[in-house]
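Just so we're on the same page: letters track the sequence lines, and every chain starts at 1.
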Protein chains: 2
Amino acid sequence: MTGQVHRVFHALGDPTRQAMVERLSTGPMSVSGLAEPFAMSLAAVLQHLQILEESGLVRTEKLGRVRTCRIEPAGLALAEAWFRERRALWERRLDRLGKLL
Amino acid sequence: MTGQVHRVFHALGDPTRQAMVERLSTGPMSVSGLAEPFAMSLAAVLQHLQILEESGLVRTEKLGRVRTCRIEPAGLALAEAWFRERRALWERRLDRLGKLL
DNA sequence: CCAATACTAAAGCGTTGGCTTTAGTATTGG
DNA sequence: CCAATACTAAAGCCAACGCTTTAGTATTGG
């Protein structure tokens with residue numbers, strides 16, 4: 001599952017997809033509901049959605065003719081952990097530097 | 001400075017740039033030092049570096065003929081904060097849901 | 001001084017990304 | 001039953017990416 005963090009970052013690197021994740025953070029919704037604020041075709045939204053799913057940030061489930069999209073917290077957690085690690089390394093280095101002085 | 005988070009994500013969305021940031025997390029280094037483990041031209045590394053700088057993740061400084069690259073902790077912090085916010089929203093929602101049951 | 005070092009700038013090239021349009025399929029309210 | 005709804009699949013288009021090569025400039029150890 002690790003080593004795929006850059007897929008998460010790549011997914012969030014597009015403003016539309018970032019906004020979609022922000023929107024889904026407030027609760028699940030249908031594809032057309034998710035698409036509503038965006039000035040683009042539904043097909044385009046679906047393509048973004050697919051990238052979000054492949055990155056592990058979003059999970060979707062189809063019931064009847066409606067596909068419901070929701071955040072996958074594990075995906076967010078993976079990326080958040082990466083930042084914590086970088087910061088830990090950085091701070092550890094500053095500590096060593098401090099002790100040298 | 002905010003609203004630029006997707007630039008940070010975009011910068012980290014490339015495996016080479018992600019690796020560069022990981023490398024710089026352990027300490028500053030020159031451009032050629034940074035480039036050493038990568039199987040690509042120095043020019044390519046410079047191009048990645050420029051994107052990292054524009055995203056605010058990395059700061060560089062030239063002294064003599066050597067440009068030294070170091071992490072900009074504020075850039076990492078910005079992105080980390082974004083994840084914390086999403087998680088906060090998500091958890092707040094689960095709380096409301098829990099109280100309803 | 002000058003060759004080696006350490007980058008830098010610019011052009012070009014094939015691939016991927018974000019979008020569209022068109023043409024579907026599956027589901028359901030009335 | 002059937003028209004409207006909610007997506008889905010595929011093809012095509014243009015811009016942005018990631019890389020290369022070539023040809024520089026600035027700095028410095030000896």
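Across all strands shown, the partner of D:dG12 is C:dC19, judged by Watson-Crick or G-U wobble contacts whose two distances both fall under 3.5 Å. In this structure D:dT25 sits in a base pair with C:dA6, meeting the Watson-Crick or G-U test at under 3.5 Å.
Between B:Phe9 and A:Phe9, the ring-plane angle classifies as parallel under the 30° and 60° cut-offs.
The CG atom of B:Asp95 sits 11.0 Å away from the CG atom of B:Leu100 when rounded to the nearest 0.5 Å.
A straight line from CZ of A:Phe38 to P of C:dC19 spans 10 Å, rounded to a whole angstrom.
A donor and an acceptor atom never sit less than 3.5 Å apart when one is taken from the side chain of B:Gln47 and the other from the base of D:dC17.
Mapping A:Gly13 and A:Leu63 onto DNA chain C by nearest heavy atom places A:Gly13 closer to the 5' end of the strand.
Closest to the side chain of A:Arg65, from the set D:dC7, D:dA4, D:dG18, is D:dA4. Distance from the side chain of B:His48 is smallest for D:dG18 among the nucleotides C:dA4, D:dG18, C:dT8. Listed nucleotides D:dA6, D:dC19, C:dC7 differ in distance to B:Ala44; the shortest reach to its side chain belongs to D:dC19. Taking the side chain of A:Ile51 as heavy atoms from C-beta on, and the options C:dT8, D:dT8, C:dG18, the nearest nucleotide is C:dG18. Closest to the side chain of A:His10, out of C:dG17, D:dT8, D:dT28, is C:dG17. Listed nucleotides: D:dG18, C:dT8, C:dC19. Nearest to the side chain of B:Lys62: C:dT8. Closest to the side chain of B:Ala43, out of C:dC7, C:dA10, D:dT8, is C:dA10.
Around the CZ atom of B:Arg7, the shell of radius 6.0 Å holds no more than 12 heavy atoms that belong to other residues, nucleotides or ligands.
Side-chain N/O atoms of B:Ser32 include one lying less than 4.0 angstrom from OP1 or OP2 on C:dC7. Side-chain nitrogen and oxygen atoms of B:Arg17 include at least one within less than 4.0 Å of the OP1 or OP2 phosphate oxygen of D:dG18.
Contact annotation for B:Ser41: base contact, defined as any heavy-atom pair under 4.0 Å involving a base atom.
Figure legend: cation-pi geometry between B:Arg93 and B:Trp90, with NZ or CZ positioned under 6.0 Å from the six-membered ring centre and within 45° of its axis.
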request  = Using the side chain to side chain donor-acceptor pair (under 3.5 Å) rule, take A:Arg86 and B:Ser25 through it: C-alpha gap first, then chi angles, then the decisive distance, then the call.
outcome  = CA-CA 6 Å; A:Arg86 291 323 118 204; B:Ser25 295; 4.6 Å; no
